[in-house]
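Just below is one structure, and these are the notes that go with it.
In what follows, chains are A, B, ... by sequence order, proteins preceding strands, each numbered from 1.
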Amino acid sequence: MEASVPHAPPTFEQLMLPHLDAAYNLARWLLRDPHDAEDAVQDAFLRAHGAFGRFRGTEGRAWLLTIVRNVCYTRLRERSRGPEAVAFQDEVHGLGDDPAEANAVAWHEVKSALLQAALERLPAEYREVIVLHEIEGLPYREIAGLAGIPIGTVMSRLARGRARLQAELLALAAQPPSP
Amino acid sequence: MTCDSIRPLLEAHADGELDLVRQLEVEAHLAACPACAAAASALAARRAALRGALPRFPAPEALRGRVLSGLGAVTPAPAAKVVRFPVWTPAALAAALAAAALLGFSWGSHRSRSDARFAEAFGDHARSLQAGHLVDVVSTDQHTVKPWFMGKLDFSPPVLDLASSGFPLAGGRLERIDGRAAAALVFHRRLHVVNLLIWPADAGRATTREERANGFNAASWSQGGLNFLAVSEIPMADLETFAAAYRAQAR
């Protein structure tokens, strides 16, 4: 008798390890520190592994990134001092997000390092939607599920986040380069 | 459409996140309005710059090792059975695009009239017509669709093929309604789509009703301890035919 298992369920490693880069990238951007990001990712994988029996979906990446995000926010709260300690409210940021203002920057000339510095200055809630959408290429719907916010909020956070990013870029460009 | 109503959509337009109808409206406006067209091209340049210049940090090789050895130290949990299917068939895509084009629908605009479940169902139906979420399991075979739900739901939805009544099964996906997981079965009616949501019924609540909103029709009923809610853009009379055929076969 041949004992074959034609449809063995995929293992945790098979489903989740392909998303290690996405997990690290999100943690690296949220925590803004490579060592913290490594610790957070390891922590998130352990938690995900422990909870894997309850994983029912087909979207391993979104599931893993949700856990990474939670771990990162816990760490940000534990840091306690710093801008993230202030509760984030979408409404209080009265920043204009008129799309016509997007031409205030010569985008094709923007250097990667400057853009990175500008993005790191945004609140985590704006940073994450930009990272998830622009770098990881996640659609609005997946970001909404991951962050637990409505699709409309994803849309407005992206719009405001990009406008804010642009304002930070202009502010950075106006400063003399640090020695 | 006016500039004021177009401007808030430009960002989602640049991201390719608008439904087909809105997409076409925005493009028609941009062709006629130089100011909005300039704003749109500035947004596109910004988007390209962000995509091209923002670094993606790859995980350090040592982290992979750390994660693996960390996992090795604990007993692996049993995995839920996960089956991956291609999300789209050309036929399903064509059907959804055709339906979206006929509808003139945009999400978020039909909350007021019907109760929460119907509102959710209309929303589910509308979202399902947007690219990428009509079906998670593509199959015209009820014996493929039914097992797909196993392990994903705590109940077993009756999966029927109503091809003989003019509603061939196209596939299924997971939805949420009433704050809990529901099965969504997708049927075709010529170029239209019928979404049938199925979830366990609350005790003592067997209701049959019909609702209309924004060109969508919905019919709900309870049978065998489950709630059924069919939603579609097809005429109410056709939806009643569908509901009657389903109830008869499920019996």
Report yes if the side chains of B/Val67 and A/Glu13 come closer than 4.5 Å at any heavy-atom pair, otherwise no. no
Engaged part of B/Leu63 at the chain A interface, taking heavy atoms whose separation is under 4.5 Å: both
Cut-off 4.5 Å, heavy atoms of chain B, and the answer for A/Leu158 is both
Between the side chain of B/Arg47 and the main-chain N/O of A/Glu134, is any donor-acceptor distance below 3.5 Å? no
Between CG on residue B/Leu18 and OH on residue A/Tyr140, distance to nearest 0.5 Å: 7.5 Å
Need one label for A/Leu114: side chain, backbone, both or neither, based on atoms under 4.5 Å from any heavy atom in chain B. neither
Of the backbone (N, CA, C, O) and the side chain (C-beta and beyond), which part of B/Ala38 lies under 4.5 Å from a heavy atom of chain A, both, or neither? neither
Below 4.5 Å from any heavy atom of chain B, which atoms of A/Leu119 appear? Answer side chain, backbone, both or neither. side chain
Restricting to non-hydrogen atoms, name the atom on B/Leu50 and the atom on A/Trp107 that form the minimum distance, rounded to 0.1 Å. CD2-CZ3, 4.3 Å
With a 4.5 angstrom heavy-atom cut-off, could you sort out which part of A/Ala22 is near chain B: side chain, backbone, both or neither? both
Quick test of your reading of the model: are A/Arg141 and B/Glu17 salt-bridged, counting only N-O distances below 4.0 Å? no
Nearest heavy-atom pair of B/Phe57 and A/Asn25: which atoms, and what distance? N-OD1, 2.9 Å
